[in-house]
> 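Submitted below is the structure of interest, expressed as structure tokens.
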Amino acid sequence: MSSCGCLVLEKVEGDAAAKARVKAAPGAGAGAGCGSCAGDWRGRSEAIFPIYVMGSSRGSPVAAARGIVDSPEDPIWVSVKAEAKSEAEKEPILSSFLYASVLSHDCLERALSFVLANRLEDPTLLATQLIDIFNDVVLNNKDMCRSIRLDAQAFKDRDPACSQYSWALLYLKGYQSLQSYRIANVLWNQGRKVLALALQSRISEVFAVDIHPAAKIGEGILLDHGTGLVIGETAVVGNWVSLMQGVTLGGTGKEHGDRHPKIGQGALIGAGATILGNINVGEGAMIAAGSLVLKDVPPHSMAVGNPAKIVGYTEKEDPSLTMKHDARRDYFEHAAVRFR
């Protein structure tokens with residue numbers, strides 16, 4: 001870890017296309033970094049990270065995630081600062097906001113804590129108090145340092161409305177609510193359950209996203225729009241999953257114990273989909289918008305309808321990365337024969 005607690009991404013050797021797209025960022029360089037490592041940084045206007053590449057093999061996201069290492073560089077943070085500086089010049093009315101939210105901070109962790117604290121504050125949860133709590137969580141949790149960057153990359157790669165990393169940090173409530181949940185989850189696991197639940201309540205109020213702090217959510221997650229998303233206490237969401245607005249991962253009654261869905265790596269859950277009970281949605285599966293899922297869904301299949309039925313299978317790249325929601329016949333390789 002660098003002196004500021006940042007965790008950063010290391011480029012994978014041999015990715016010629018990614019290297020070719022790395023360019024110098026105007027106005028970013030020495031001083032754009034954080035703490036003692038600032039002098040070593042090179043600005044980049046478009047930092048490309050080999051975390052997941054559209055059309056690549058399914059193993060690429062997992063393999064590339066191992067490229068996250070301790071390093072004095074943080075290309076995402078360099079990009080965020082360069083973007084904020086450029087936007088402040090274009091829109092002077094936002095210059096104070098951009099300075100307070102981004103340009104006055106020395107790392108992505110502190111900027112995120114500031115943004116979230118000011119979104120979540122209320123008369124009894126003061127922003128100054130929340131900033132201290134959030135900084136303590138984010139700066140001292142290696143997994144969270146990694147996840148906030150992988151999530152930012154997911155938003156930029158998969159959401160065509162998010163053309164800059166800074167937009168996810170500053171304006172997209174899907175990203176903000178996800179990182180707020182991550183903080184609440186750390187607090188829950190530290191035994192600070194009352195504070196975690198208080199944060200959950202406030203997150204739901206502000207973002208219209210209700211994720212229980214005990215739920216387990218992987219990294220490289222996209223919450224597209226986020227509005228109306230509900231994830232229950234014992235739900236598990238794997239890495240690289242994309243969830244649209246209005247998704248419910250819920251229980252089926254008043255039973256206690258493990259009672260919520262398990263979503264496999266690389267799955268795509270369409271808008272308004274409802275998945276109930278302790279069931280499994282397999283890796284690379286796709287749940288169509290508006291579907292009601294009450295049974296296990298096999299890996300690399302698509303479930304459609306109310307109640308949902310399997311309409312096909314695919315061995316292509318994970319739908320969470322392609323974000324293809326359509327059910328065209330030629331997209332699938334096999335006709336459905338199960339889940340009747």
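Here the structure is a predicted model, which means the values were calculated and not measured.
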> Would you give the length of the straight line joining atom CG of Asn278 to atom CG of Asp296, rounded to the nearest 0.5 angstrom?
8.5 Å

> Say you draw a straight line from OG of Ser301 to CE of Met286; how long is it, rounded to the nearest 0.5 Å?
9.5 Å

> In the single-linkage hydrophobic clustering (I, L, V, M, F, W, Y; side-chain heavy atoms under 4.5 Å), do Val102 and Ile131 co-cluster?
no

> Ile148 and Asp151: side chain to side chain contact (heavy atoms under 4.5 Å, CB included), yes or no, with the steps?
CA-CA 5 Å; Ile148 64 176; Asp151 294 341; 5.6 Å; no

> Under 6.0 Å from the NZ atom of Lys173, do we count more than 12 heavy atoms belonging to anything else shown?
yes

> Of all heavy-atom pairs between Met302 and Ala288, which one has the smallest distance, and what is that distance?
CE-CB, 3.5 Å

> Donor-acceptor pair, distance only, cut-off 3.5 Å: does the side chain of Ser166 make one with the backbone of Ala84?
no

> How far apart are the closest heavy atoms of Gly284 and Asp318, and which atoms are they?
CA-OD1, 3.6 Å

> Would the number of heavy atoms belonging to other residues, nucleotides or ligands and lying under 6.0 Å from OH of Tyr171 be above 12?
yes

> Hey, are the side chains of Arg202 and Val206 touching, using non-hydrogen atoms and a 4.5 Å cut-off?
yes

> Step by step, would you call Trp240 with Leu268 a side chain to side chain contact (heavy atoms under 4.5 Å, CB included)?
CA-CA 9 Å; Trp240 325 113; Leu268 172 61; over 6 Å; no

> In terms of hydrophobic clusters joined by side-chain contacts under 4.5 Å, are Leu120 and Leu229 together?
yes

> Side-chain contact, heavy-atom cut-off 4.5 Å: Leu292 with Leu276?
yes

> Can you find a pair of side-chain heavy atoms, one from Ile76 and one from Gln153, that are under 4.5 Å apart?
yes

> Is the backbone N or O of Val137 less than 3.5 Å from a side-chain atom of Asn141, with the two atoms forming a donor-acceptor pair by type?
no

> Does a salt bridge link Glu219 with Arg149, judged by any charged N lying under 4.0 Å from a carboxylate O?
no

> List the steps and the verdict of side chain to side chain contact (heavy atoms under 4.5 Å, CB included) for Met244 and Met323.
CA-CA 10 Å; Met244 304 300 291; Met323 295 296 288; 3.9 Å; yes

> Looking at His105 and Ala100, would you say the former's side chain and the latter's main chain have a donor-acceptor pair under 3.5 Å?
yes

> Between Val236 and Leu222, is there a shared hydrophobic cluster once you connect ILVMFWY residues whose side-chain heavy atoms come closer than 4.5 Å?
no

> For residues Ala127 and Ala117, report the shortest heavy-atom separation together with the two atoms involved.
O-CB, 3.7 Å

> Rounded to the nearest 0.5 Å, how far apart are CG of Asp159 and CG of Leu223?
11.0 Å

> Tell me if a side-chain donor or acceptor on Thr234 pairs with a main-chain N or O of His260 at a distance below 3.5 Å.
yes

> Hey, does Leu169 have a side-chain heavy atom less than 4.5 Å from the side chain of Leu108?
yes

> To the nearest 0.5 angstrom, please state how far the CZ atom of Arg182 sits from the CG atom of Leu116.
12.0 Å

> So His212 and Val230, do their side chains get closer than 4.5 Å, heavy atoms only?
no

> What do the steps show when you test Leu150 against Asn239 for side chain to side chain contact (heavy atoms under 4.5 Å, CB included), and what is the final call?
CA-CA 10 Å; Leu150 289 170; Asn239 297 333; over 6 Å; no

> Do Tyr181 and Val209 come close enough that some side-chain heavy atom pair is under 4.5 Å?
no

> Could you check whether any side-chain heavy atom of Phe97 comes within less than 4.5 Å of a side-chain heavy atom of Leu170, counting everything from C-beta outward?
yes

> Search all heavy atoms of Gly266 against all heavy atoms of Pro319 and return the closest pair with its distance.
O-CD, 3.5 Å

> Give me the one residue out of Ile275, Ile263, Leu243, Val247 that meets side chain to side chain contact (heavy atoms under 4.5 Å, CB included) with Ile287.
Ile275

> Please name the pair of heavy atoms, one in Ser320 and one in Ser242, separated by the smallest distance, quoted to 0.1 Å.
O-OG, 3.0 Å

> Going only through I, L, V, M, F, W and Y residues with side-chain contacts under 4.5 Å, is there a path from Leu126 to Phe134?
no

> Would you confirm whether Ser291, through its side chain, and Gly305, through its main-chain N or O, come within 3.5 Å as a donor-acceptor pair?
yes

> Look up atom CD in Glu87 and atom CG in Leu103, then write down how far apart they are to the nearest 0.5 Å.
11.0 Å

> Side chain of Ser95, backbone of Pro92: donor and acceptor closer than 3.5 Å?
yes

> Nearest 0.5 angstrom please: Thr252 OG1 to Leu294 CG, how far?
8.5 Å

> State plainly whether one hydrophobic cluster holds both Ile93 and Trp167, where clusters connect Ile, Leu, Val, Met, Phe, Trp and Tyr through side-chain heavy atoms under 4.5 angstrom apart.
yes

> Main chain of Leu98, side chain of Ser101: is a donor-acceptor contact present, judged purely on distance under 3.5 Å?
no

> Give the ring-plane orientation class for Phe155 versus Tyr175, where under 30° counts as parallel, over 60° as perpendicular and anything between as tilted.
perpendicular

> If you define the side chain from C-beta out and look only at heavy atoms, does anything of Gln179 sit under 4.5 Å from Ile183?
no

> Ignoring hydrogens and angles, tell me if any N or O in the side chain of Ser113 forms a donor-acceptor pair with the backbone of Glu109 under 3.5 Å.
yes

> Without swapping roles, check the side chain of Glu121 against the backbone of Leu130 for a donor-acceptor pair under 3.5 Å.
no

> Going through the distances and angles, do Asp210 and Gln200 end up as a side-chain hydrogen bond (donor to acceptor under 3.5 Å, both in side chains)?
CA-CA 7 Å; Asp210 196 349; Gln200 177 200 4; 2.8 Å; yes

> For the backbone of Ala215 and the side chain of Asn185, can you confirm whether one donor and one acceptor N or O come within less than 3.5 Å of each other?
yes

> Determine the minimum heavy-atom distance between Val241 and Gly264, stating which atoms define it.
CG2-O, 3.3 Å

> Ion pair present between Asp224 and Arg158, side-chain N to carboxylate O less than 4.0 angstrom?
no

